[in-house]
Amino acid sequence: MVREFLIMLTHTDSFYLYIDPATGSMLFSVLVGVFITAGFFLRLFLIKIKTVLGGKAALQQAKDYNRFLLYSDDKRYWNSFEPILDEFEKRKIDVAFWTSSEDDPVFSKEYKHVHPEFIGKGNKSFVKLNAARADVLLSTTPGLDVLQWKRSRGVKKYVLFFHTVGTALLYRMFQLDFYDVILSTSDFIAEEIRTLEKVRNLPAKEISVVGTPYFDVLSRKIRNAVKPSNSNKVILLAPTWGPESFLYKIGDELIQSLIDTGYDIVFRPHPQSFTADKDILDSIRERFDGCSNFSWNTDNDNFDILNKADLLISDFSGVIFDFTLLFNKPIMYTTVEGFDDSVFDYAWVKGNLWIFDVLPSLGCEITEESLKDIKTRIDETISSAKYKQGINEARDYAWKCQGCAAEKIVDYVVKLQSGLAETPEKK
């Protein structure tokens with residue numbers, strides 16, 4: 001609670017923006033924290049008694065202790081975790097995998113050394129996580145030690161790896177601060193984290209550039225996929241969520257202009273939009289669902305629609321980099337004007353973000369004026385050789401260790417664990 005209070009004092013306006021339906025109310029978090037703390041100390045007391053009676057061996061062999069523990073907060077990150085789990089399995093190293101999706105694909109795999117467990121959603125999952133016991137806990141989930149997810153004294157090292165390329169500065173404020181290790185996709189993300197540490201006087205984390213398993217999986221899948229032969233151009237509309245999305249600025253006008261081109265328009269909202277932007281989505285559904293060339297896509301896996309689309313239209317959603325760097329296809333994008341950075345780590349850093357600066361080399365900007373001639377601009381963007389070159393350069397810059405991320409991640413955590421003290425409990 002002391003850390004949260006200090007954060008509130010240093011950036012009061014942004015503090016309350018952390019509280020949303022996904023994390024629950026602060027009051028409930030405090031109550032949960034009290035019960036967790038009481039339960040943890042009771043459990044720790046019992047473990048200490050067990051250690052005295054049975055010696056170190058009893059503690060090391062405790063049923064809920066793991067050398068390696070992985071946590072996924074949603075099944076949509078399976079493409080990031082599967083190659084890592086496969087690598088552990090290949091090496092015959094036992095690893096626990098906790099998930100907050102009851103239907104996570106891990107349960108359909110026939111692993112011998114990977115031990116999956118559904119730990120519930122929301123606050124129920126935090127109860128489990130806050131009492132975890134492991135040498136190394138690896139996750140893509142930000143927010144450690146900010147609100148509900150507290151560091152467990154039974155975990156020696158917390159390691160975060162990035163599930164996609166992009167930037168570290170558009171995480172909500174303080175979301176990466178309390179990890180011990182960051183496994184980055186590129187050198188510039190590592191530099192961003194070092195900048196944050198410097199301006200906030202944080203101790204230096206361990207950082208290693210390892211690539212991204214998600215991109216490795218998709219790149220292999222793309223090589224084996226058949227490119228659909230479209231009788232009509234397919235334009236995918238995939239904005240980010242929240243008030244910075246173009247849905248709040250030119251959403252209706254853009255959709256209508258695209259429908260008027262006669263091309264097949266596929267609208268794929270960000271999953272969080274169904275909660276955060278519900279009124280706007282309801283309005284879009286009511287206004288455009290009668291249009292024959294306008295459809296929605298809500299597949300859990302976006303591979304098929306990305307493979308099918310000829311062009312992506314977005315703002316600053318991370319799907320931009322999936323589409324350009326992996327599928328090698330250009331985009332059109334809307335300019336982010338009056339970008340409110342107050343809830344992001346970017347608020348602490350001066351200068352432009354690479355993900356904004358690189359957009360002109362990946363595709364064509366959309367303005368209100370250009371909506372009048374949007375069809376011509378779409379055709380020119382799809383056929384442009386300039387954007388193909390820009391995509392290749394961006395790929396080399398933002399995505400390191402291509403094709404070997406899972407091996408590098410497992411290499412790193414195995415070496416990290418081997419250097420830790422033998423006793424699983426921190427003193």
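This structure is a prediction, so every number in the text was calculated from the model and none was measured. We're numbering straight along the sequence, starting at 1.
Under a cutoff of 6.0 Å and an axis angle of 45°, Lys221 and Phe303 form a cation-pi pair.
Contacts of Phe88 classified as ring pair (Phe, Tyr, Trp, His ring centres under 6.0 Å), with partners at least two apart in sequence or in another chain: Phe68. For Tyr333, there are no ring pair (Phe, Tyr, Trp, His ring centres under 6.0 Å) partners, not counting sequence neighbours. Listed by chain and residue number, Asp177, Asp345 satisfy the salt bridge (charged side-chain N to carboxylate O under 4.0 Å, His left out) test with Arg200 (two or more places apart in sequence, or in another chain). In this view, Arg76 and Asp74, Asn300 satisfy the side-chain contact (heavy atoms from CB on, under 4.5 Å) rule, not counting sequence neighbours.
Note that CZ of Phe356 is 9.0 Å distant from CG of Asp315, once rounded to the nearest 0.5 Å.
Below 30°, between 30° and 60°, or above 60°: for Trp296 and Phe274 the angle between ring planes is between 30° and 60°, a tilted geometry. Aromatic ring pairs are classed by plane angle as parallel below 30°, tilted from 30° to 60° and perpendicular above 60°; the pair Phe294 and Phe288 is tilted.
When only modelled atom types and interatomic distance are considered, Asn66 and Asp135 share no side-chain donor-acceptor pair under 3.5 Å.
Asp145 contributes no side-chain N or O that, together with a main-chain N or O of Lys150, makes up a donor-acceptor pair within less than 3.5 Å. Asn297 places no side-chain N or O within donor-acceptor distance of the main-chain N or O of Phe267, the cut-off being under 3.5 Å.
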Could you walk me through whether Phe344 and Arg172 pass side chain to side chain contact (heavy atoms under 4.5 Å, CB included), step by step? CA-CA 4 Å; Phe344 302 112; Arg172 296 289 172 127; 3.9 Å; yes
Using ring pair (Phe, Tyr, Trp, His ring centres under 6.0 Å), reason through Tyr71 and Phe81 one step at a time and then give a plain yes or no. CA-CA 9 Å; Tyr71 170 63; Phe81 284 98; 8.2 Å; no
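Taking the six-membered ring for Trp, Phe118 and Trp98 have ring centres at least 6.0 Å apart.
Residue pairs meeting the ring pair (Phe, Tyr, Trp, His ring centres under 6.0 Å) criterion with at least one partner in residues 194-222, sequence neighbours excluded, are Phe215-Trp399. Residues in residues 389-398 take part in no salt bridge (charged side-chain N to carboxylate O under 4.0 Å, His left out) pair, two or more places apart or across chains.
Checked options Glu206, Gln417, Glu407; the residue passing with Tyr412 is Glu206 (criterion: side chain to side chain donor-acceptor pair (under 3.5 Å)).
Ionic pairing of Glu197 and Arg194 is present here: one or more N-O contacts between side-chain nitrogen and carboxylate oxygen are shorter than 4.0 angstrom.
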